[in-house]
Protein chains: 2
Amino acid sequence: MVFQRVTLKDIADRTGVHTSTVSRVLNPDRRAMVSVEIAERILAVAEELGYRPNTIAYGLKTNRTGSIGVVVPDISNPVFPETVQGIEDVLIAAGYTPILANSDHAADRERIIVENMRDQHIDGLIVASGSPHGAVLMACKEDGVPLVLIHRTWDDPDIPSVSYEEKLGAHLIIDHLAGLGHRDIAYIAGPLDSAATRDRYFGTREALEQHGLRENSNLFTFADAITEEEGERCCRELLQTKEPFTALVTAHDILTAGCIGLLAESGLRVPEDLSLTGYNNTSYATMLTPTLTTVHIPHYDGGVEAARLLLDRIENPTAPVRRLRISPTLVIRNSTAPPPPRPRAQIESPDSAPISVK
Amino acid sequence: MVFQRVTLKDIADRTGVHTSTVSRVLNPDRRAMVSVEIAERILAVAEELGYRPNTIAYGLKTNRTGSIGVVVPDISNPVFPETVQGIEDVLIAAGYTPILANSDHAADRERIIVENMRDQHIDGLIVASGSPHGAVLMACKEDGVPLVLIHRTWDDPDIPSVSYEEKLGAHLIIDHLAGLGHRDIAYIAGPLDSAATRDRYFGTREALEQHGLRENSNLFTFADAITEEEGERCCRELLQTKEPFTALVTAHDILTAGCIGLLAESGLRVPEDLSLTGYNNTSYATMLTPTLTTVHIPHYDGGVEAARLLLDRIENPTAPVRRLRISPTLVIRNSTAPPPPRPRAQIESPDSAPISVK
DNA sequence: CTGAAAGCGCTAACAT
DNA sequence: ATGTTAGCGCTTTCAG
């Protein structure tokens, strides 16, 4: 920086007082210690000179930087911009500066990011990740770095978190489909190393069982990533098993998006021949044709809550740890309908006995 | 931070040398000044104690923080995650820490963000914005804060930038449609306070003129934001003008996405009755039905170049300023086709004379 | 080759 | 009510 910043000393020299007096005036909490006339003079000069406190020097002295680290696994997944927006709105309003970083779902990149952030002396950390790096979290906890998880909890009850009732979300979808009369339901799971998609998967199996629907392992498939490509690959796999199904459920709107083109190519109409569902109620849900029945998760609100939890933690480190769980809701749109009289999902295998529909 | 960090002094005490010696060893450039045995002992102890340099103290001393501010107007617009990814990959590889912030297209929020960042003593700034706050940019320039713009240039040739040949992009689209035989082309522009969408708009008018196509102002409409809602609103407006058109061009895939549902409701098939185009080749382009003919902009590469420009600037502030312009390409998919024999875009006005097609 | 000492800008005892 | 002083952790002259 070529430019010379104005310091407390500059103001002190100009007003004929000591830097400590200037410091007191510029700190609202200590302003009262100083006589009004001097305070006013100092304030005027500070204004005139365009004084900006040096946060680096302040940080060195006080060990507080006003920065909060926010780690997300994939900023291009639309749930994270929403979450981040909620986090930022709260933190900025509270006078903090959020520092956002992308881990790309890579545990070691996450480790490096968090180390960097800690080197920068962040005052707190929010990790939005389905599979945070355990050692990193433990290190933060041990070193007393205020930490909040969002999108998952952690076994250790000392770590505050905001998570969603993912199993409930899965039940909402299956209940809806079962209610429409579907009995053969295929599922595209997300990567199981993420707690959220794992819960959706087990929740789905649980719900199928509750409805007395057969859990045909041929109708479960597993995406390696939350991308359209993986959705399409899994969808192809399901169609090739030649097992009949009348509904296709996925762990994320993005996976569902990947199915649509392939289904159209296969001559399957949604929802007439096949019901299709999403998860997360992202912008994809209304953009696709047909619009998706999906599970709404209030990601913005989750971000807000996570930020509040962190501020609580910073201001009151000894208060009991809170772990929030937020419930999702079902949004019914145009991609689901009662099953066709004869399942058409496997057009190549007309001999497979159609399952009767009430 | 409850936890006590290990400092140079800790290492010095443990090895029986002075802190300045430790400092020299820990700085690769000055390591050679110290005898090998001592250096090794210090390195071993540093490793053992888990020493991490205090970047705050370093920053106070050197006036360099290793942080680079990155300001984007809207992280939920998919072009920005791509751009940011390119920026981050370069900056992180060079040992810098990018600090990302969202201005929400608000000039005063942008001002506050940049002020905050400057208070944090960032070493440089990349502003990705269609309409950066002029005063902010001038202040950075005057104060010698290295600055690069991406997504637009600035009149002042002293500010390096990466921008795209937006007019060319607009020409590519119109050339393609004109080549298919379209003569009545409607346009949904983006907000004109952004340089990029402004250039697309004027480029479109220019291209229409070049092809001798009538510039019917009834067929131009202006979105207030890059959202699906605004796309839909503008599309409705166009349909209500009762002017016939056989192609609908927009300034952004997101605007195009907003049109699709409404067109379907109106009974217009794409591309049989109406050709439709996007811009930016985002994930929307392949997700929508039909897939979109659109303009591909290499946003990731743009981010990479912007970061490199900034690093150049930091390392060599006196080198001549470079301003990059990157050319877009046309991607033809399923949303464009020759116009129908009789334009159907205005089904309510059958009396409007159909334009002949070669 | 290594140590001593100063100082980056600020805050917070401790004096007066 | 204000000034003095010390020091946060580090780098960097300047001596030796």
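Proteins get letters first, then strands, A, B, ... in listed order; numbering begins at 1 in each.
- A salt bridge is absent between B/R41 and B/E37: the closest approach of a Lys/Arg side-chain nitrogen to an acidic carboxylate oxygen does not fall below 4.0 angstrom.
- For the side-chain contact (heavy atoms from CB on, under 4.5 Å) with B/V71, the lone residue among B/L125, B/I126, B/N102, B/V136 that qualifies is B/L125.
- Here the two rings, on A/Y164 and A/H151, have centers that are under 6.0 Å apart.
- The footprint of chain B on DNA chain C, defined by a heavy-atom cutoff below 4.0 Å, extends from C/dC1 to C/dG9.
- At its two ends the helix from C/dC1-D/dG16 to C/dT16-D/dA1 runs along axes set 50° apart, each axis drawn from five pairs and the angle rounded to 10°.
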- Task: Carefully, step by step, assess B/Y51 and B/D10 under the rule side chain to side chain donor-acceptor pair (under 3.5 Å).
- Result: CA-CA 9 Å; B/Y51 173 76; B/D10 297 327; over 6 Å; no
- In sequence, state the C-alpha distance, the side-chain angles, and the governing distance for A/Q120 and A/S67, and then conclude on side chain to side chain contact (heavy atoms under 4.5 Å, CB included). CA-CA 9 Å; A/Q120 309 266 344; A/S67 304; over 6 Å; no
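- For B/R325, the CZ atom is densely surrounded, since the number of other residues' heavy atoms within 6.0 Å is greater than 12.
- As judged by a 4.0 angstrom heavy-atom cut-off over every strand, B/I56 is placed among residues making no nucleic acid contact.
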Atom pairs and distances, donor-acceptor, side-chain atoms in residues 25-35 of chain A, under 3.5 Å, two or more places apart:
residue : atom : partner : partner atom : Å
A/N27   : OD1  : A/D29   : N            : 2.9
A/R31   : NH1  : A/V25   : O            : 2.2

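- Both B/N54 and B/S20 lie near DNA chain D, and the one whose nearest nucleotide falls closer to the 5' end is B/N54.
- Residues from residues 21-36 of chain B lying near DNA chain D, meaning a heavy-atom separation below 4.0 Å, are B/S23, B/R24, B/R30 in numerical order.
- A heavy atom lying under 4.0 Å from DNA chain D marks none of the residues of residues 40-49 of chain A.
- Extent of DNA chain D lying under 4.0 Å from chain B heavy atoms, first and last nucleotide in 5' to 3' order, is D/dG9 to D/dT13.
- Here A/E115 does not pair with A/R118 in a salt bridge; the nearest charged N to carboxylate O distance is not below 4.0 Å.
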